[in-house]
Engineer: 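Here it is, the structure, as C-alpha cells.
Naming convention: chains lettered A, B, ... in sequence-line order (proteins, then strands); numbering from 1 in each chain.
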2 protein chains.
Amino acid sequence: MGVSKTSSYTEIQIETANRLKALGHPARIAIVQFLLNQKECICNDIVNELPLAQPTISQHLKELKNAGIIQGTIEGKAICYCINPKVIKDLVSFFNSILSNLHPEDQCC
Amino acid sequence: MGVSKTSSYTEIQIETANRLKALGHPARIAIVQFLLNQKECICNDIVNELPLAQPTISQHLKELKNAGIIQGTIEGKAICYCINPKVIKDLVSFFNSILSNLHPEDQCC
DNA sequence: TTTATATATTGCAATATTACGATATATTAT
DNA sequence: ATAATATATCGTAATATTGCAATATATAAA
C-alpha cells in the first residue's frame, strides 16, 4: 500500500498515443495506404478515391501531418504528401518491444 | 478522370483503425505497459499507478478489451487482464508492410 | 450473514472528433 | 487580368470520447 500515483504520462507515451490516434480512423489508414501506392501523391487524387468531401480529406491530412505520420511539400499548384519512414519505424519498435516483453510464463490468462 | 469512389473501407482497414484507436490514448498506452511489467495484472493495481479514478480505468480497460488488445479472466475476487500477442503481431505486420512498400525512389518529398 | 474488496455500470458534464458547405488562398493557364 | 485547379480554413451540426461520482454486482473473509 501507499503506492503514489504517477502524476502524469511520459513524453513518449503521449507521443506514441498521438501517432496511434492519428492512424485510428479508417479514412486515415486508407489515405496512408493510398499514398503508398502512388508516386504522385496529391490530395485531389485521394478525394476521387475515398467517399469523403475535399475539406474532410484536407482535415484528415492535417491530422496525419500534425502527428508526423506524413509530410507535405508544395509542388507547383498541388501538394505532395508522403509518409515519414522514421515514425513508422518508431511504431514498429514500439510494438516489437511489447512483444519482446511478453513472456508466456508471465501471462496469467 | 472518371475514377469511381470506393464506397467504403475494407474490413481490415476498419479493424486496424479500431485497434490503433484503442491504443491512441496515453492512459491506455500506460495500462498496456503496466500489464507488461506485472505478473499479477489486476485493475486495482492500475488504479494505484495511474492518475485516474477506478471507473475511468475500468472504462479504458473495456475499450482495450473490445479492440482485442487485452483479454481478462476472472481470478477469484479480482480480474486478470493481459495482452493478446496475436493483435500486437498483426500491428507489427501492418507497420512493417508500410515500411516495405515505402521505396525511396517513390518518395516525392 | 455481515463486511470488505475488486470491478462494472449508469448518468452526466465537458470536451473532442467527424463531416461538410461555403468560402478563402494560391498557383497555373489563357 | 480572368478563369481554372488544388488545397486550406471557417463555421457549424451531429456524434463520440473522456472523466468521474454514485451506485451496482460479485466474490472472499470474518
Engineer: Nearest whole Å is fine: how far is C/dC20 C1' from A/Ile57 CD1?
Structural biologist: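 After rounding, the reported distance stands at 12 Å.
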Engineer: Tell me, do A/Phe94 and A/Leu20 make a side-chain contact under 4.5 Å, heavy atoms counted?
Structural biologist: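 Contact flag for A/Phe94/A/Leu20 side chains = yes.
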Engineer: Taking CG from A/Leu52 and P from C/dT18, how many angstroms apart are they, rounded to a whole number?
Structural biologist: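 Roughly 11 Å, once rounded to whole Å.
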Engineer: CD1 of A/Ile74: more than 12 outside heavy atoms within 6.0 angstrom?
Structural biologist: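 Counting other residues, nucleotides and ligands, CD1 of A/Ile74 stays at 12 neighbours or fewer.
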Engineer: In whole angstroms, how far is the C1' atom of C/dT17 from the NE2 atom of A/His60?
Structural biologist: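 Between C1' of C/dT17 and NE2 of A/His60: 9 Å.
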Engineer: Measure the CD-CD1 distance between B/Gln13 and A/Ile31 for me, rounded to the nearest 0.5 Å.
Structural biologist: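 Spacing of CD (B/Gln13) from CD1 (A/Ile31) equals 10.5 Å.
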Engineer: When rounded to the nearest 0.5 angstrom, what is the spacing between OG1 in A/Thr16 and CZ in A/Phe95?
Structural biologist: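 It comes to 8.5 Å.
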Engineer: Quick one: is B/Tyr81 getting a side-chain N or O under 4.0 Å of the C/dA6 phosphate, OP1 or OP2?
Structural biologist: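 For C/dA6, neither OP1 nor OP2 has a side-chain N or O of B/Tyr81 closer than 4.0 Å.
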Engineer: Which nucleotide wins on minimum distance to the side chain of A/Gln59, given the candidates C/dA8, C/dG21, C/dT18?
Structural biologist: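 Out of C/dA8, C/dG21, C/dT18, the nucleotide with an atom closest to A/Gln59's side chain is C/dT18.
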Engineer: Taking CG from A/Leu64 and C1' from C/dT18, how many angstroms apart are they, rounded to a whole number?
Structural biologist: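 A/Leu64 atom CG is separated from C/dT18 atom C1' by 14 Å.
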Engineer: Does a nitrogen or oxygen in the side chain of A/Thr56 sit under 4.0 Å from OP1 or OP2 of C/dC20?
Structural biologist: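 So the side chain of A/Thr56 is within the cut-off, an N or O lying under 4.0 Å from OP1 or OP2 of C/dC20.
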Engineer: In whole angstrom, what separates A/Lys62's NZ from C/dT18's C1'?
Structural biologist: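 A/Lys62 atom NZ is separated from C/dT18 atom C1' by 14 Å.
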Engineer: To the nearest 0.5 angstrom, please state how far the CD1 atom of A/Ile88 sits from the CG atom of A/Leu23.
Structural biologist: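 That separation rounds to 6.0 Å.
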Engineer: For DNA chain D, find the residues of residues 12-31 of chain B with a heavy-atom distance under 4.0 Å and give them by number; none if there aren't any.
Structural biologist: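 Result for residues 12-31 of chain B: B/Lys21, B/His25, B/Arg28, sorted by number.
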Engineer: Quick one: side chains of residues 50-68 of chain B, donor-acceptor pairs under 3.5 Å with protein atoms, not counting sequence neighbours, listed by atom name and distance.
Structural biologist:
unit_1, atom_1, unit_2, atom_2, d
B/His60, ND1, B/Arg28, NH1, 2.9
B/Glu63, OE1, B/Arg28, NH1, 3.2
B/Asn66, ND2, B/Lys62, O, 3.4

Engineer: Could you tell me if the side chain of A/Ile29 sits less than 4.5 Å from the side chain of B/Ile14, heavy atoms only?
Structural biologist: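 A side-chain contact is absent here, since even the closest heavy-atom pair is not under 4.5 Å.
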Engineer: What is the first contacted nucleotide of DNA chain D and what is the last, in 5' to 3' order, if contact means an atom lying under 4.0 angstrom from a heavy atom of chain A?
Structural biologist: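 Result: D/dT5 to D/dT9.
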Engineer: Rounded to the nearest Å, what distance is computed from the CG atom of residue B/Asn66 to the P atom of nucleotide C/dA8?
Structural biologist: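 Value for this atom pair: 11 Å.
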Engineer: Grab the CD-P distance between B/Glu75 and C/dT7 for me, whole Å please.
Structural biologist: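 Whole-Å distance recorded here is 11 Å.
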Engineer: Drop me the distance from B/Ile69's CD1 to B/Leu91's CG, to the nearest 0.5 angstrom.
Structural biologist: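 Result: 6.0 Å between the selected atoms.
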Engineer: First locate atom CD of A/Gln33, then atom OG of B/Ser97, and finally report the distance between them rounded to the nearest 0.5 Å.
Structural biologist: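 It is 7.0 Å, given to the nearest 0.5 Å.
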Engineer: Indicate, yes or no, whether a donor-acceptor pair under 3.5 Å links the base of C/dA8 to the side chain of B/Gln54.
Structural biologist: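 Looking at the base of C/dA8, it does pair with a donor or acceptor on the side chain of B/Gln54 (distance under 3.5 Å).
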Engineer: Grab the CD-P distance between B/Glu63 and C/dT17 for me, whole Å please.
Structural biologist: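 Answer to the nearest Å: 14 Å.
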